[in-house]
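Take a look at the structure below.
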Amino acid sequence: MGYTSLVKSFRQDFYPLVCQIPEGRVSTYGALARALGSERAARAVGKMLNENPRPVEVPCHRVVMSDGSLGGYGGGIEEKKRLLEEEGIRIKNGRVKEFEHVVFESFVSDKPLKRLREEQKRVKEKVAVQESGIGFSSVAGVDVSYSNNRAYPALSLWDHENKEEIDVFTTEIDVEFPYIPTFLAFRELPCLLEILEKVEDQPDVVMVDGNGVMHPDGIGLASHLGVETGMATVGVAKSKLCGDLVDEIDREKGKMLSEVRDNGKLIGHALLEGKRAKNPIYVSPGHGVSHDQAVQLVKSYCRYKVPDPIRRAHIEATKRRKKDER
DNA sequence: GCGACAG
DNA sequence: ATCTTGTCGC
């Protein structure tokens with residue numbers, strides 16, 4: 001089985017894992033995340049438990065916080081407490097008594113996130129951080145808006161020379177894979193591929209709402225998209241996932257750009273554009289562009305904090321979601 | 001309380 | 001990402 005099936009069945013495979021917690025024992029969000037293959041998935045675990053299709057049968061009431069406190073419960077925390085006590089768990093002052101003795105962590109799992117990480121590393125080998133040579137004549141910005149598990153991707157296409165929007169495309173698609181930091185591509189890549197299919201004349205470069213090589217393993221959403229499609233891509237994130245700023249961004253001192261490095265290696269830039277912007281955006285090459293090229297391209301579209309093509313895609317994606325919600 | 005992890 | 005009203009400032 002390839003990694004695509006892991007992505008597709010990720011959620012369905014998660015619930016049987018929860019069922020491994022024996023009656024009379026409890027486990028934690030973090031322990032389940034580790035069983036999935038990454039501690040970063042702890043919040044996604046909470047989200048998936050909250051969306052548990054079969055409460056009690058899938059015993060999400062047996063999942064508590066790592067300090068022994070109860071955490072939340074869809075049917076009310078009182079119900080969670082009642083169910084646990086019914087199973088022999090003693091609770092005092094909102095905490096599981098003798099927590100260390102009843103906590104269960106020995107899940108049997110093939111750790112899907114570990115395997116998805118390996119897939120990312122294979123894709124990473126194909127990422128090229130270098131100029132493509134030819135100039136860009138068309139540029140696109142992509143973004144995705146969400147309503148539960150329904151995604152609304154949008155693409156705004158621009159004439160690079162005249163800085164004019166040529167066209168805008170939107171669509172819809174179901175997503176099952178949850179948002180997990182550093183694993184964003186497995187949730188959003190299908191959305192981006194779907195919207196790109198609707199575009200007749202493929203853009204010369206795509207600006208993506210997420211990171212390129214500015215990723216703990218050098219393979220963010222923009223880079224993944226670039227390798228999968230062969231297109232030139234640039235990553236634009238609104239907050240920092242990893243790395244450290246070399247210089248302090250300071251509007252007063254006219255310092256609007258800083259390198260971002262990870263263990264000494266250049267992985268991208270923090271860029272402050274737009275008069276009202278308070279915080280910088282984080283720019284990194286996705287694929288087929290250099291660091292300088294990425295920064296210059298993004299900068300050329302920054303009338304506001306976020307470059308126009310992405311800003312427009314964001315607006316159109318949200319518009320389509322709102323329309324669909326009524 | 002601190003630090004904080006794209007969307 | 002989404003949940004949400006008014007409000008401060010250019």
Side-chain angles (χ1 to χ4, degrees), chain A residues 7 29-30 33-34 36-48 50-51 66-67 72 113 116-117 120 124 141-154 172-192 195 206-226 233-245 251 260 262 267-271 274-286 294 298 303-307 310-311 313-322 324-325:
Chain A
V7 172
Y29 300 94
R34 285 192 292 277
L36 286 174
S38 173
E39 202 133 46
R40 295 184 203 255
R43 293 170 75 167
V45 164
K47 188 90 187 338
M48 290 190 289
N50 180 56
E51 294 161 357
S66 59
D67 65 356
L113 292 178
L116 291 179
R117 184 67 89 211
Q120 285 181 312
K124 185 211 160 155
V142 289
D143 192 20
V144 184
S145 184
Y146 293 94
S147 175
N148 297 314
N149 289 338
R150 191 70 172 163
Y152 303 84
E172 329 185 354
I173 180 177
D174 281 318
V175 292
E176 285 295 319
F177 199 89
Y179 167 68
I180 301 171
T182 74
F183 293 93
L184 175 62
F186 297 108
R187 176 175 173 78
E188 250 179 43
L189 196 52
C191 303
L192 302 188
I195 192 64
V206 182
M207 291 195 268
V208 180
D209 62 318
N211 290 304
V213 299
M214 195 169 187
H215 177 283
D217 285 294
I219 180 66
L221 173 63
S223 297
H224 207 132
L225 175 70
T233 58
V234 173
V236 180
K238 292 177 292 300
S239 60
K240 191 164 66 68
L241 173 62
C242 63
D244 302 294
L245 273 68
R251 171 157 263 138
V260 175
D262 185 35
I267 57 173
H269 290 80
L271 174 66
K275 290 200 167 185
R276 302 187 309 180
K278 176 68 183 169
N279 301 310
I281 56 176
Y282 297 86
V283 181
S284 62
V298 170
R303 298 155 57 203
Y304 303 100
K305 171 174 173 173
V306 174
I310 289 182
R311 187 168 172 275
H314 179 79
I315 290 168
E316 293 300 322
T318 304
K319 193 184 292 180
R320 173 141 183 173
R321 173 174 61 80
K322 299 273 193 191
D324 198 47
E325 283 174 345

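Keep in mind that what you see is a predicted model, and the values were worked out from it rather than measured. Order of the sequence lines fixes the chain letters, A, B, ..., with proteins taken first and strands second; residue numbering starts at 1 for each chain.
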For atom [atom1] of [X] and atom [atom2] of [N], their distance in whole Å:
| X | N | atom1 | atom2 | result |
| --- | --- | --- | --- | --- |
| A:Arg311 | C:dA1 | CZ | P | 14 Å |
| A:Leu192 | B:dA6 | CG | P | 17 Å |
| A:Ile195 | B:dG7 | CD1 | C1' | 17 Å |
| A:Ile180 | B:dA6 | CD1 | C1' | 13 Å |
| A:Asn50 | C:dA1 | CG | P | 20 Å |
| A:Asn148 | C:dT2 | CG | C1' | 9 Å |
| A:Lys240 | B:dG7 | NZ | C1' | 17 Å |
| A:Arg43 | C:dT2 | CZ | P | 15 Å |

Backbone N/O of [Y] and side chain of [X]: donor-acceptor pair under 3.5 Å:
| X | Y | value |
| --- | --- | --- |
| A:Arg251 | A:Ala277 | yes |
| A:Ser223 | A:Val213 | yes |
| A:Ser284 | A:Asn211 | no |

Quick one: label [X] by what it contacts on the DNA or RNA (base, sugar-phosphate, nothing), any heavy atom closer than 4.0 Å.
| X | value |
| --- | --- |
| A:Asn211 | base |
| A:Arg276 | base |
| A:His314 | sugar-phosphate |
| A:Lys275 | nothing |
| A:Phe177 | nothing |

(request) Would you indicate which nucleotide in C:dA1, C:dC3, B:dG7 comes nearest to any side-chain atom of A:Ser145? (result)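 Nearest nucleotide to the side chain: C:dA1.
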
(message) C:dT2, OP1 or OP2 - any side-chain N/O from A:Arg321 closer than 4.0 Å?
(response)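 For C:dT2, OP1 or OP2 has a side-chain N or O of A:Arg321 closer than 4.0 Å.
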
(request) Kindly say if A:Ser239 contacts the phosphate of B:dG7, meaning a side-chain N or O under 4.0 Å from OP1 or OP2. (result) yes

(message) Tell me whether the ring of A:Tyr179 lies stacked over the B:dG7 base, given a 5.5 Å limit on centroids and a 30° limit on the plane angle.
(response)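 The ring of A:Tyr179 is stacked on B:dG7.
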
(request) Would you mind checking if A:Lys47 and A:Glu51 are paired as a salt bridge, meaning a charged N to carboxylate O distance below 4.0 Å? (result)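 Salt bridge present between A:Glu51 and A:Lys47.
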
(request) For the pair A:Lys322 and A:Glu325, find out whether any cationic side-chain nitrogen is under 4.0 Å from an anionic carboxylate oxygen. (result)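 A:Glu325 and A:Lys322: not salt-bridged.
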
